[in-house]
2 protein chains.
Amino acid sequence: MRLSQFHLHTVKETPAEAEIVSHKLMLKAGMLRKLAAGLYTWSPLGLRVLRKVEAIVREEMDRAGAIELLMPTVQPRELWEETGRWEKFGNQLLKITDRKEADYCYAPTAEEVVTDFARSELASYKQLPLNFYQIQTKFRDEIRPRFGVMRSREFLMKDAYSFDLDDDGMRRSYEAMHAAYVRIFTRLGLRFRAVQADSGAIGGDASQEFHVLADSGEDAIAFSTGSDYAANIETAQAALPGPRPSPGEAMRKLDTPTQKTCEDVAALLGIDLQRTVKSIAVIGADADGKEQFVLALVRGDHDANEIKLAKVEGLANYRMATEAEILAHLGSEPGFLGPVIADGAAAQGARAPKPPIRVVADREVAAMADFVVGANEAGFHLAGVNWGRDLSEPDSVADLRSVVEGDRAADGGELRIVRGIEVGHVFQLGDKYAQAMGCTVLDEHGKPRVLKMGCYGIGISRIVAAAIEQNFDANGILWPDAMAPWRVAVCVINPKRDETVAAAAKALYRELVDAGIETVLDDRGLRPGQMFADIELIGIPHRVVVSDRGLAAGTFEYRARSAEGPENLDREALFARLR
Amino acid sequence: MRLSQFHLHTVKETPAEAEIVSHKLMLKAGMLRKLAAGLYTWSPLGLRVLRKVEAIVREEMDRAGAIELLMPTVQPRELWEETGRWEKFGNQLLKITDRKEADYCYAPTAEEVVTDFARSELASYKQLPLNFYQIQTKFRDEIRPRFGVMRSREFLMKDAYSFDLDDDGMRRSYEAMHAAYVRIFTRLGLRFRAVQADSGAIGGDASQEFHVLADSGEDAIAFSTGSDYAANIETAQAALPGPRPSPGEAMRKLDTPTQKTCEDVAALLGIDLQRTVKSIAVIGADADGKEQFVLALVRGDHDANEIKLAKVEGLANYRMATEAEILAHLGSEPGFLGPVIADGAAAQGARAPKPPIRVVADREVAAMADFVVGANEAGFHLAGVNWGRDLSEPDSVADLRSVVEGDRAADGGELRIVRGIEVGHVFQLGDKYAQAMGCTVLDEHGKPRVLKMGCYGIGISRIVAAAIEQNFDANGILWPDAMAPWRVAVCVINPKRDETVAAAAKALYRELVDAGIETVLDDRGLRPGQMFADIELIGIPHRVVVSDRGLAAGTFEYRARSAEGPENLDREALFARLR
């Protein structure tokens, strides 16, 4: 491609509407233009990148044995009623009424339509396994579309749906897709992690998210140095703590007049924060559904994790306790709370008569000895506290906390925490949709069997933005080779003034193209500074400058986008570098 | 591709819903599945064909210098208001309201959005010429969707829009697209015609339709044997008639008691139908907008053409005259009407006092002498009538009639009439959209200039159906090589019973694929009859059968889809044939 024949439209100003770096750079590079809230036109430059991603996704889906089809974007209400999702999907579902007053939606996903296709086309187990996919425009009517194509309303998505006779088959299909996704993101040249996800809401049996790692990512991900283990921070677990040590200290009451946080108490006492315990007062429900006062305990250096807390029995819909409730149950104000319930003035800690509170301890807390907690008395904490001696064993022990960098993982490695952008998701759906829609085939005994499905999404448009979040510098985008609009830019210095240089550049460009190296010739005749700024901004990985000086010396100036500076290479060395 | 790994789902019964052959065959071959009225899922087989067409269109658009981008399918009302099309487009425009009660439509075309893109991105004449295109899903809310993807509501379309500084540039862009379209349809292997179209309603300066020729086509097309001239039957013109001969007969009144049509009169008199003239009484408007009685005359063997009639001054909104109006103006009942207005009993034909009627003659009629018309008296006609002698010259002369097979064309050739399916359309739009939306650039003098646009559509989905309408037989589809899902099918006889045959077939398949010949291996293990029926139905152009008998003889059975019968070829001859 000759850039003079293309439409490149970079802009100098950083657009005010853009909040994140990928959105800013996509607008500055002229990859996108906003049409309306959450709706973007992909310019010729942007589309080149989008199509690169699309092509790699398609190749790897085909290689994995998935079969491409194409479903309509506009789908009838009736099918969505069959699974109850017409209502359940909520306001993200863009509903449409046609001229005959029939109801449709703009598909945000296609489980219903593909299941309808399958139940019509499949009759026998002999046709299985099958995995149908499409690369098709989707629409989600986001309440607050933002971040450009990172969270737009209309977007390009690859969605695949596997059909198997039984759970084993479903798992094999799922593993094949997982492997395909690993190949896709590897080929795209992105740093990524496959992450265990909470599949509760979708109702499937297993689910993983694929995240492109980037400091700006919305999601925190914990991964282990000891294995492939990686999980969303909401669900990541550290290794079980070791056995609880024996008590070594006597319990004693300490003056902590203004120390209301574990940090302040540890600083005052000159002890490790890890020896303190945080008490969080919440209101849950008992077995009869009656409100129950619960004290949740996590180590002083840990944070309670709301999602894990809500998984504890009785806490599904918990709320924080009010100050009045705390006073009524513990006789103290917040800042000095603890699980050692004084019976009047007796400081022995025996909980008698036991007040109606429940103690839920994090696994780490349950394994502590000689710890520090609030004394349930303003201005005082207790040190040297021990389970079973100074207070009863906790009513429940559970994983209540978010993991932190450096935690021991179950596999013996250490947990590290990174941030990521979700770009793919694989689900085992089981029979959720097939059952609701009556998608069956006859098995080898002639008996109808409800199919087991998986579904597998990749946000093609989103990958483009995520790749930028991972790969940029002060001058612009740093595309991985596989995603770049062109791999190589040949820049001509003064093509209009110097015909020899222009001809040499054109010849080099032609040679590179003939050698199968995707190249763009910047023959626009801009000043060098302006030209280089454009080529850096739009992220071309390899730049070759053709100038009269270089030609005289028999060299080309080569620079990798991420390199410190340029080097002068002769023709042979240049081709060796670019091949 | 191995068919056992694919999803092919042919059906035996002809689906009741299908009215035309392409719809029937696409359903029988399992290329499509209906989701709802005018909404179809493209099965894996169907999609392969769709993608072939898409790829050729894309290659030729790129070759012609057009630049691909991608606009949203959902477009905001505001832009459509700027051109007035939010209202004017009518009920085919699918209107959508989002969760915030903002109005959008599902784009049926994208003039507004691309013009908005251009007015934002283009500032200088130096950026021109430009031609942006996209291959994107469109939606038209047809009142009566039918014929499968021939007239579906959601469909895949290539739409391109050129931007030029002046009319000359626009015409060059238009010619480039015209040439690209010719290459596209030629490469697709279709018999087609570029046809002059009536561009009145779009308001542009010139317009041509591309039609795939097929007996079942909705449109009649006239083309000349003498040049490239082809036009929709509504607008096609024959050559101007020769000069009017001198009168040779005296006017005489003839008894035609029951002969109310030209055919009957000609038969009674034993004369050529071409010597009679048909009089059609309509009501138009005069210069002041007042109703005016008009007698339109066409030759007895010709049909008046409504579109041409409506182009005559004063007839834009014409209607047929009532019997009462005819009686009032001509004193006769229909069946015996004519332009010779008798003044009382005098048969001299002088129109005095001239009644308030206007005579509009087709060009052919104006060039006739000694013709036969109704006498405006029940049971009588006049023969030997001549202009200027028996009646005044016509008030207007115009082309009023539809051309017929065998008409002389302006280029000296003969006109032939064929039927076609419109699959592409090119328009010169002029400044229609650019003016309404303020799309300007600065010219070389620094003055703002409104851009001149062209727009160019191709119905990708429709081409697939149109190709079938043109290429089928009793056994199924006959794809041109370029559109076939696969060029070659290797059919294995008894692959499960005979391992040698299965292995030989697989080896041949591999060899063909390695030679760059797109091949499918039918290893499903069906009975030969069933297998051959499938391969014929889905239209694979070349079939190779591998059997034990053939292997023993060192030959493969080869058959072109359109050939009378098979032939046995050795390996070398087979490859020569398929290359």
Side chain, backbone, both or neither: which part of A/Leu50 has an atom under 4.5 Å from a heavy atom of chain B?
side chain
Return the option, out of B/Ile96, B/Ile67, B/Asp141, with the maximum number of heavy-atom pairs under 4.5 Å with chain A.
B/Asp141
Do you know which of A/Asp116, A/Asn91, A/Leu94, A/Val113 has the most heavy-atom pairs with chain B at a distance under 4.5 angstrom?
A/Asn91
Does atom NZ of A/Lys100 have more than 12 heavy-atom neighbours from other groups under 6.0 Å away?
yes
Among B/Ala36, B/Pro72, B/Gly30, single out the residue with the greatest number of heavy-atom pairs under 4.5 Å to chain A.
B/Pro72
For B/Ser152, is it the side chain, the backbone, both, or neither that has a heavy atom closer than 4.5 Å to a heavy atom of chain A?
neither
Taking all heavy atoms of A/Phe117 and all of B/Pro44, pick out the closest pair and write down the distance.
CZ-CD, 4.4 Å
Atom group of B/Leu93 that falls short of 4.5 Å from chain A, counting heavy atoms
neither
Part of A/Lys95 lying under 4.5 Å from any heavy atom of chain B
backbone
Which atoms of B/Glu68 approach chain A - backbone, side chain, both or neither, heavy atom under 4.5 Å:
both
Quick one: what part of B/Arg33 sits under 4.5 Å from any heavy atom of chain A, side chain, backbone, both or neither?
side chain
Distance (rounded to the nearest 0.5 Å) between A/Leu39 CG and B/Met71 CE:
13.5 Å
Tell me the closest heavy-atom pair linking B/Leu79 and A/Leu35, and the distance in Å.
CD1-CD1, 3.5 Å
Applying a strict 4.5 Å limit to non-hydrogen atoms, the region of B/Glu112 in contact with chain A is neither
In Å, rounded to the nearest 0.5 Å, how long is the span from NZ of A/Lys126 to CZ of B/Arg524?
13.0 Å
Does the distance from a Lys or Arg side-chain N to an Asp or Glu carboxylate O, for A/Arg99 and B/Glu142, drop under 4.0 Å?
no
Less than 4.5 Å to any heavy atom of chain A: does that hold for the side chain of B/Leu130, its backbone, both, or neither?
side chain
Measure the acute angle between the ring planes of B/His7 and A/Phe132, then classify it against the limits of 30° and 60° as parallel, tilted or perpendicular.
perpendicular
Looking at B/Thr137, B/Thr73, B/Val11, which makes the most heavy-atom pairs under 4.5 Å with chain A?
B/Thr73
Contacting region of B/Arg48 [heavy-atom separation from chain A under 4.5 Å]:
neither
Chain A interface, residue from B/Leu70, B/Leu156, B/Leu69, B/Leu47 that has the most non-hydrogen pairs under 4.5 Å
B/Leu70
What part of B/Gln5 gets within 4.5 angstrom of chain A, counting heavy atoms only: side chain, backbone, both, or neither?
backbone
Checking heavy atoms, do the side chain of A/Gln127, its backbone, both or neither come under 4.5 Å from chain B?
side chain
Heavy-atom proximity to chain A below 4.5 Å, by part of B/Gln92
both
Separation between CG (A/Leu122) and NE2 (B/His9), nearest 0.5 Å, reads 8.0 Å
Contact class of B/Asp98 relative to chain A, heavy atoms under 4.5 angstrom
both
Working to the nearest 0.5 Å, report the span between OH of A/Tyr106 and CZ of B/Phe139.
10.5 Å
